[in-house]
Amino acid sequence: MPELPEVETIRRTLAPLLCGATVLTALRGEHPDDILLDPWPTFARHVRGRQIITLERRGKYLAFRFSDERRLLIHLGMTGELQLSQPDSPLPRHCHIALVLRSPHPLPATVIDRRGRFVLRYRDTRRFGRIGLLTPEDWAALSQRLGPEPLDPELDAPTFWQQLVHRHTRIKAALLNQSLIAGVGNIYADEALFQAGIHPLRRCDTLTLSEAERLLSALRSVLTAAIESRGTTIRDYRDAQGRTGRYQFQLQIYGQQANTPCPRCRTPLERMRVGGRSSTACPRCQPLLCTV
DNA sequence: AACCGGACCTGTATGC
DNA sequence: TGCATACAGGTCCGGT
């Protein structure tokens, strides 16, 4: 579910509530060891008493940075969800871990109890997500194996093009590869390729610099608009306050069935499998000049 | 090394 | 209605 815009929306939603908050204790849910990088007792012991300084995002990873530079790392996988709730409310189904916190900031009255405590819980139906405590070195290593942030102004089109042009793989698979560009998933890859007029099956080593410029620019435009719309809710995605996104109403082709008319030229759209994921493209707006 | 397909999970939609 | 199958926003691993 969550790609860069969804994770960024969650970060922005939680930051004003969690910065300065202290973790009082961790609550054990259904299958914590499926989600945690460390065994439950280790995790519970080490997270207790820590104060959150800031919330960071790198690609699709969210991190709570503590005062000693250690971080609580959260990846939401496919169906991961963070929810604010009252401390005494029972943990819902598929809730694996919850943190009891106290914050110096005013919180919605619906989540805070008389003693100023509230709970942040992690739910994940499919359990593809991961949570763990990282040392500063772990965090640096994680960040290093990820590609650049697409919205980082330091990233320029020639650098992006250089990353792609030596590869034999298809452009859609490359966009999903987090070590080439961080944070892009199936929805925004399809949308950006459509906006850039590049076919998902196009081989990376046939892309011109000007096509890479168009693609980077399309990625930025799609991701920025999606953040402004607070993400895309197809089914499960909610921010930490339970609100859906609105970008699903602006999607051009993601999820469209084969033969649906292209929103730009009315040519029947095609569906295909790329990089193990289903993809939609317009054969006219995204001409395939060179296949495998 | 780079690349691809399958595995990991559960829930839901679709078809017979 | 009941059952089987396909598919879903992600990543990792093993084989080629």
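Within every chain, numbering begins at 1; the chains are lettered A, B, ... in the order of the sequence lines, protein sequences first and strands thereafter.
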| request: Determine: side-chain N/O of A:Q178 to OP1/OP2 of C:dG10, distance under 4.0 Å, yes or no. | output: no
| message | Rounded to whole Å, please give me the gap between NE2 in A:H96 and P in B:dT10. | response | 9 Å
| request: Under 4.0 Å between any heavy atoms, over every strand shown, what does A:G276 touch: base, sugar-phosphate, or nothing? Just pick one. | output: nothing
| query | Is it true that the side chains of A:S229 and A:Q250 contain a donor and an acceptor less than 3.5 Å apart? | reply | yes
| said: Check this for me: does any side-chain nitrogen of one of A:R246 and A:E228 sit under 4.0 Å from a carboxylate oxygen of the other? | reply: no
| Under 4.0 Å: is that the gap between some side-chain N or O of A:H75 and OP1 or OP2 of C:dT11? | yes
| Just checking, is any N or O donor in the side chain of A:Q86 or A:T110 under 3.5 Å from an acceptor N or O on the other one? | no
| query | Could you give the CG-to-C1' distance, from A:D124 to C:dG9, as a whole number of Å? | reply | 12 Å
| task | Would you tell me whether A:S143 and A:R58 have side-chain atoms, one donor and one acceptor, within less than 3.5 Å of each other? | result | yes
| Is the closest basic N to carboxylate O distance between A:D239 and A:R230 below 4.0 Å? | yes
| Comparing A:R271 and A:Y61 on DNA chain C - which has the more 5′ nearest nucleotide | A:R271
| query | Do A:F128 and the base of C:dT11 stack face to face, with centres under 5.5 Å apart and an angle between planes under 30°? | reply | no
| task | Ignoring hydrogens and angles, answer whether the base of B:dC9 and the side-chain atoms of A:R127 contain a donor-acceptor pair closer than 3.5 Å. | result | no
| Side-chain donor-acceptor pair present, A:T79, A:D124, cut-off under 3.5 Å | yes
| said: Categorize A:D236 for me: base, sugar-phosphate, or nothing, with a 4.0 angstrom heavy-atom threshold over every strand shown. | reply: base
| query | Between atom CZ in A:R130 and atom P in C:dC13, what is the gap in whole Å? | reply | 10 Å
| request: Using a heavy-atom cut-off of under 4.0 Å over every strand shown, decide if A:R145 touches base, sugar-phosphate, or nothing. | output: sugar-phosphate
| message | If a pair means Watson-Crick or G-U wobble with both distances below 3.5 Å, what does DNA chain B look like in dot-bracket form, with | marking bases paired to a different strand? | response | .|||||||.|||||||
| request: Spell out protein contact along nucleotides 11-16 of chain B as letters: B when the base is contacted, S when just the sugar-phosphate is, - when no protein heavy atom is under 4.0 Å; keep the 5' to 3' order. | output: SS----
| said: So, taking the atom named CG in A:N186 and the one named CG in A:D190, what distance separates them when rounded to the nearest 0.5 Å? | reply: 5.5 Å
| field | Integer-rounded Å distance: C:dG9 C1' and A:Q256 CD | value | 16 Å
| query | Please give, in whole Å, the distance from C:dG10 P to A:L62 CG? | reply | 16 Å
| request: Would you kindly give the CE-to-P distance between A:M78 and B:dA7, to the nearest whole Å? | output: 16 Å
| message | Using heavy-atom distances to pick each residue's nearest nucleotide on DNA chain B, tell me which of A:A173 and A:D34 is more 5'. | response | A:A173
| query | Going from CD on A:E3 to OH on A:Y237, what distance comes out if it is rounded to the nearest 0.5 angstrom? | reply | 11.5 Å
| said: Pairing donors with acceptors under 3.5 angstrom, does anything connect the side chains of A:T233 and A:Y247? | reply: no
| Of the listed nucleotides C:dT11, B:dC9, C:dG9, the one nearest the side chain of A:R126 | B:dC9
| query | Touch check for A:R167, heavy atoms < 4.0 angstrom, all strands: base, sugar-phosphate only, or nothing? | reply | sugar-phosphate
| field | Separation between the C1' atoms of C:dC12 and B:dG11, rounded to whole Å | value | 23 Å
| query | Roughly how many Å is it from CZ in A:R277 to C1' in B:dC8, rounded to a whole number? | reply | 13 Å
| field | Ionic contact status for A:E149 with A:R57, cut-off 4.0 Å | value | yes
| said: Regarding A:T232, tell me which of base, sugar-phosphate or nothing describes its non-hydrogen contacts under 4.0 Å with the strands shown. | reply: base
| query | Can we say A:R71 and A:D138 salt-bridge, meaning some charged N sits less than 4.0 Å from an Asp/Glu carboxylate O? | reply | no
| said: Between B:dA7 and C:dT5, how many Å separate the two P atoms, rounded to a whole number? | reply: 15 Å
| request: Report the distance from atom CG of A:N177 to atom P of B:dA1, rounded to the nearest whole Å. | output: 15 Å
| request: For A:E6, report the nucleic acid contact type (base, sugar-phosphate, nothing); a contact means any heavy atom under 4.0 Å. | output: nothing
| request: May I ask you to verify if any side-chain N or O of A:K60 is less than 4.0 angstrom from the OP1 or OP2 atom of C:dT11? | output: yes
| request: Determine the contact category for A:Y188: base if any of its heavy atoms lies under 4.0 Å from a base atom, sugar-phosphate if only primed atoms, P, OP1 or OP2 are that close, otherwise nothing. | output: nothing
